[in-house]
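This chain uses plain numbering: 1 for the first residue, then up along the sequence.
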Amino acid sequence: MKNSNKKQKTEHKTATSTPFFRFKKLYLILLLPLIVATTCEDDDINSGFETEYFIQNDSSIDLVLFTEGGGQLPVPSEGELRVSGDLNQDAEPISPSESFIFSNIKLYKMDNEDFVLAYEQSPLDDALWIFSETSENRFAYRLIITDALLD
């Protein structure tokens, strides 16, 4: 019985100590940093400075924003709508006219059962947007719609 155990131990020792297995272990150890480096997430993708765009409806009329993709987003009276956000690697905000997210603003109001154009900004005029730095690395542009602007 003792001899058969010794035989198994020696066979096991011989099989794992061959040059092939030692080379395989060394190969894995050398490749491990490369594998880890290529599978890690790129930190630069989600970092940077964010610019957000808002429409603030200070008018007495409920409005609807028609997006360039055909969507409809409600902008309630005395309410606010976050139109979108944009990331930038530079420490500078992206003005509305420089943003690739939208190129115009069309706000509609309901008249009976129909949508009627109440406000349009095409092309975007940066002078009509109010800029603020909301926190570190975050900027905001706000378009304030009033009853006087709609008349």
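- Judged purely by atom type and a 3.5 angstrom limit, N57 uses its side chain to pair as donor or acceptor with the backbone of V75.
- Taken together through direct or relayed side-chain contacts under 4.5 Å among Ile, Leu, Val, Met, Phe, Trp and Tyr, I105 and L81 form part of one hydrophobic cluster.
- Atom CD1 of I144 sits about 6.0 Å away from atom CG of D58, to the nearest 0.5 Å.
- Although no hydrogens or angles enter the test, the distance criterion places a donor-acceptor pair under 3.5 Å between the side chain of D125 and the main chain of A127.
- To the nearest 0.5 angstrom, Q89 atom CD is 8.5 Å from F49 atom CZ.
- Closest non-hydrogen pair, A140 versus T134, comes out as CB-CG2, 3.7 Å.
- Closest approach of D147 and S59 over heavy atoms only: OD1-CB, 3.1 Å.
- Residues D126 and S95 share a closest heavy-atom pair of OD2-OG, 3.2 Å.
- Here the closest heavy-atom approach between residue I61 and residue K109 is recorded as CG2-CB, 3.8 Å.
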Step-by-step side chain to side chain contact (heavy atoms under 4.5 Å, CB included) determination, N104 to F66
CA-CA 10 Å; N104 62 41; F66 275 46; over 6 Å; no

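- Within the 4.5 Å cutoff, side-chain heavy atoms of M110 are placed close to those of F115.
- Connection of V83 to I101 is established within a shared hydrophobic cluster, with ILVMFWY side chains joined at heavy-atom distances below 4.5 Å, either directly or through further cluster members.
- Expressed to the nearest 0.5 Å, how far OH of Y53 lies from CZ of R82 amounts to 10.0 Å.
- A continuous path of Ile, Leu, Val, Met, Phe, Trp and Tyr side chains, each step under 4.5 Å between heavy atoms, connects L128 with I145, placing both in one hydrophobic cluster.
- Hydrophobic clustering (side-chain heavy atoms under 4.5 Å, transitive across Ile, Leu, Val, Met, Phe, Trp, Tyr) groups I55 together with L149.
- With rounding to the nearest 0.5 angstrom, the NZ atom of K106 is 5.0 Å from the CD atom of E120.
- The two residues L107 and L117 come nearest to each other via the heavy atoms O-CD1, 3.6 Å.
- Here the closest heavy-atom approach between residue A118 and residue L150 is recorded as O-CD2, 3.7 Å.
- With contacts defined as side-chain heavy-atom distances shorter than 4.5 Å, the pair L124/Y141 does not qualify.
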For the pair L143 and Y119, evaluate side chain to side chain contact (heavy atoms under 4.5 Å, CB included) and give the outcome as yes or no after the intermediate values.
CA-CA 12 Å; L143 177 63; Y119 179 82; 4.0 Å; yes

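- Cluster annotation: F139 is connected to F102 through the hydrophobic network of ILVMFWY side chains, with a link wherever side-chain heavy atoms come within less than 4.5 Å.
- Considering CG of L87 and CD of E52, their distance stands at 9.5 Å, rounded to 0.5 Å.
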